[in-house]
Amino acid sequence: MTSFTPLIDSLPSTVPFVGPETLLRRSGIPLRARIGANENVFGPSPEAIAAMQKAVLESWKYGDPEVHDLRAAIASHHGIGIENVTVGEGIDGLLGIAVRLFVEPGVTVASSLGAYPTCNFHVAGFGGRLVTTPYVNDREDPSSLLDLARKDNARLICFANPDNPMGTCWETGVVQDLIDNLPAGTMLMLDEAYHDFAKGAAPALDMTNPNVLRFRTFSKAYGMAGVRVGYALGHPRLISAFDKIRNHFGVTRVGQSGAIAALADRDYLKGVQRRVVRLAKKFMPLPSSTASAAFPHPPTSSPSIAAATAPMPGKFWRASPRTASSCACRAWHRSTDASGSAWERTKTSQPSKRRCRKL
């Protein structure tokens with residue numbers, strides 16, 4: 001048998017996520033709810049569904065490899081140029097391309113211990129060196145990330161706002177300070193998958209800054225997780241570099257059509273946001289003794305963020321009228337290691353599942 005590269009041989013046999021389908025196959029026990037991947041059960045807008053149904057009839061064709069019309073729609077939506085937009089197979093796919101742009105064996109990447117694991121997965125896959133800093137009060141800490149990047153000469157900082165898994169969120173000024181204080185030669189990869197549910201959390205888009213990539217998706221607020229469409233926003237030099245290595249036929253004709261229609265149906269998006277807020281108010285409260293036991297130091301977050309990502313509200317604990325978290329078991333976050341393997345063990349453990357069902 002042909003040998004793998006030394007890098008591949010050195011990697012652990014782990015994946016960032018264990019899906020509900022995998023749990024069902026392993027256990028043989030029917031799942032009562034899908035609450036692990038923050039899927040939006042409201043689904044796509046009717047306009048997006050109709051567009052995708054129509055596109056299916058032409059699915060014998062490849063999708064536009066330049067994704068021109070969707071990129072133009074995204075650019076118009078955000079008031080930026082089409083040269084500032086690239087589209088890929090969800091944020092996870094785009095993170096892989098972005099890491100490949102900057103990481104080679106020995107290059108250092110800074111992240112938070114227990115943060116969204118896909119960035120770490122790609123860093124390891126390209127031979128990078130991952131350094132981490134703990135959460136502070138159940139939030140990614142921008143100051144600690146900056147200190148870590150300076151100390152270890154990190155080429156990339158991976159940071160999500162709002163954060164997954166904790167559901168916490170920093171306001172615009174804090175994120176802007178992070179951007180303004182990036183060390184020379186350090187790129188910020190800003191994951192904003194949940195920005196549609198967090199007013200005042202996203203700084204203004206500055207497409208002149210060559211050191212920031214912003215990642216967004218149609219998986220969450222737009223209810224299209226299974227379609228796999230995400231996009232990155234940035235300086236034209238950054239965006240054009242994606243074309244050198246991306247999968248040019250990775251975004252399907254169906255996905256492109258559905259995303260264009262979803263973006264145009266703003267009334268539906270606003271309706272989803274309103275329903276999420278109502279769900280948060282209805283399902284989030286827990287007895288104060290339970291909440292204080294789960295979160296001795298509650299994170300600050302908008303209730304809408306927590307409920308939006310999974311309208312099955314059993315995933316979320318409520319600590320006070322203005323605090324929430326999307327991590328149902330504190331141990332999930334605390335025991336996560338840099339590789340993500342501990343996350344798998346704790347997330348799929350039976351005690352955690354029983355605890356969630358009680359909610």
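Because the structure is predicted, anything quoted here is derived from the model rather than measured. Computation of the quantities below employed the complete heavy-atom set of this structure, encompassing side-chain atoms and omitting hydrogens, waters and symmetry-equivalent molecules.
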Is a donor on one side and an acceptor on the other found under 3.5 Å between the side chain of Ser112 and the backbone of Ala115?
no
For the pair Val123 and Phe102, evaluate side chain to side chain contact (heavy atoms under 4.5 Å, CB included) and give the outcome as yes or no after the intermediate values.
CA-CA 10 Å; Val123 170; Phe102 299 102; over 6 Å; no
Does Ser257 use its side chain to pair, donor to acceptor, with the backbone of Arg253 at less than 3.5 Å?
yes
Check whether any side-chain N or O of Asn181 sits under 3.5 Å from a backbone N or O of Leu178 as a donor-acceptor pair, and report yes or no.
no
Contact summary for Ser111 and Asn120, nearest pair of heavy atoms
OG-OD1, 3.8 Å
Report whether Phe242 and Phe249 are members of the same hydrophobic cluster (ILVMFWY, side-chain heavy atoms less than 4.5 Å apart, transitive linking).
no
Taking the side chain as C-beta and beyond, is there a heavy-atom pair between Arg214 and Pro203 under 4.5 Å?
yes
Give, for atom CG of Asn209 and atom CD1 of Ile179, the distance between the pair rounded to the nearest 0.5 Å.
7.0 Å
Have Asn161 and Tyr194 got a donor and an acceptor in their side chains that come within less than 3.5 Å?
no
Tell me if the CD atom of Glu171 is crowded by more than 12 foreign heavy atoms within 6.0 Å.
no
Looking only at atom types and distance, does a side-chain atom of Lys220 sit under 3.5 Å from a main-chain N or O of Glu39, one as donor and one as acceptor?
no
Rounded to the nearest 0.5 Å, how far does NE2 of His235 lie from OG1 of Thr208?
7.0 Å
Quick one, Val229 with Thr217, criterion side chain to side chain contact (heavy atoms under 4.5 Å, CB included). Give me CA distance, side-chain angles, the key distance, then yes/no.
CA-CA 6 Å; Val229 182; Thr217 185; over 6 Å; no
Give a yes or no on whether the backbone of Val18 and the side-chain of Thr22 come within a donor-acceptor separation of less than 3.5 Å.
no
Is it the case that Thr108 and Arg129 place a side-chain donor and acceptor less than 3.5 Å from each other?
yes
In this structure, are over 12 heavy atoms from other groups packed under 6.0 Å from Lys244 atom NZ?
no
Could you check whether any side-chain heavy atom of Phe4 comes within less than 4.5 Å of a side-chain heavy atom of Leu11, counting everything from C-beta outward?
no
Looking only at atom types and distance, does a side-chain atom of Asp265 sit under 3.5 Å from a main-chain N or O of Ala261, one as donor and one as acceptor?
no
Heavy-atom check, side chain of Leu188 versus side chain of Asn211, under 4.5 Å
no
Taking the side chain as every heavy atom from C-beta outward, state whether Leu156 and Thr186 have any atom pair closer than 4.5 Å.
no
Is a donor on one side and an acceptor on the other found under 3.5 Å between the side chain of Gln256 and the backbone of Val251?
yes
Does the side chain of Pro117 reach to within under 4.5 Å of the side chain of Phe17, using non-hydrogen atoms?
yes
Look at the side-chain heavy atoms of Ile, Leu, Val, Met, Phe, Trp and Tyr, link any pair under 4.5 Å apart, and say whether Met189 and Leu130 land in one connected group.
yes
Evaluation steps, side chain to side chain contact (heavy atoms under 4.5 Å, CB included), between Arg139 and Asn137
CA-CA 6 Å; Arg139 294 200 282 188; Asn137 292 329; 5.5 Å; no
Check step by step if ring-ring contact (aromatic ring centres under 6.0 Å, His included) holds for Tyr116 and Phe121.
CA-CA 10 Å; Tyr116 187 65; Phe121 178 76; over 10 Å; no
Membership question, hydrophobic clusters at under 4.5 Å side-chain separation (ILVMFWY): are Leu233 and Leu213 in the same one?
no
Side-chain donor or acceptor of Thr133 paired with backbone N/O of Leu145 under 3.5 Å:
no
What's the verdict on side chain to side chain donor-acceptor pair (under 3.5 Å) for Asp141 and Ser143, showing C-alpha distance, side-chain angles and the deciding distance?
CA-CA 6 Å; Asp141 187 59; Ser143 296; 4.7 Å; no
Taking only Lys NZ, Arg NE, NH1 and NH2, and the carboxylate oxygens of Asp or Glu, determine whether Glu21 and Arg34 approach each other closer than 4.0 Å.
yes
What are the two closest non-hydrogen atoms of Val136 and Ser144, and how far apart are they?
CG2-OG, 4.5 Å
Hydrophobic cluster membership, Leu238 vs Val67, 4.5 Å side-chain cutoff:
no
In this structure, CD1 of Ile80 is separated from CZ of Arg71 (nearest 0.5 Å) by 10.5 Å
How about Tyr231 and His78: does a side-chain donor come under 3.5 Å of a side-chain acceptor?
yes
Answer yes or no: are there more than 12 heavy-atom neighbours, outside His77 itself, under 6.0 Å from its atom NE2?
yes
Treating Ile, Leu, Val, Met, Phe, Trp and Tyr as nodes and any side-chain heavy-atom pair under 4.5 angstrom as an edge, say whether Ile260 and Ile74 lie in one connected cluster.
yes
Ignoring hydrogens and geometry beyond distance, is a side-chain donor-acceptor pair present between Arg216 and His195 at under 3.5 Å?
yes
Can you give me the closest heavy-atom contact between Ala193 and Ile91, atom names plus distance?
CB-CD1, 3.7 Å
Taking C-beta and beyond as the side chain, do Val175 and Pro142 meet within less than 4.5 Å on heavy atoms?
no
Side-chain (Glu89) to main-chain (Leu94) donor-acceptor, under 3.5 angstrom
no
Between Tyr222 and Leu269, is any pair of side-chain heavy atoms under 4.5 Å apart?
yes
State the CD1-CG distance between Ile97 and Asp243, to the nearest 0.5 angstrom.
9.5 Å
Taking atom types as modelled and ignoring hydrogens, do the side chains of Asp163 and Tyr135 form a donor-acceptor contact shorter than 3.5 angstrom?
yes
Might you point out which heavy atoms bring Ile239 and Ala232 nearest each other, and give the distance in Å?
CD1-O, 3.8 Å
Looking only at heavy atoms, the pair that brings Glu140 and Cys158 closest together is OE1-O, 3.9 Å
Rounded to the nearest 0.5 Å, how far does CG of Leu146 lie from CD1 of Ile157?
5.0 Å
Distance-only polar pair, side chains of Arg228 and Ser219, donor-acceptor under 3.5 Å
yes
Any Leu95 side-chain heavy atom under 4.5 Å of Phe215 side chain:
yes
Can a donor-acceptor pair be found, under 3.5 Å and without considering hydrogens, that links the side chain of Ser27 to the backbone of Leu23?
yes
Kindly indicate, with the supporting measurements, whether the criterion side chain to side chain contact (heavy atoms under 4.5 Å, CB included) is fulfilled by Val212 and Leu182.
CA-CA 9 Å; Val212 180; Leu182 288 171; 4.1 Å; yes
Would you compute the distance between atom SG of Cys119 and atom CG of Asp92 and round it to the nearest 0.5 angstrom?
10.5 Å
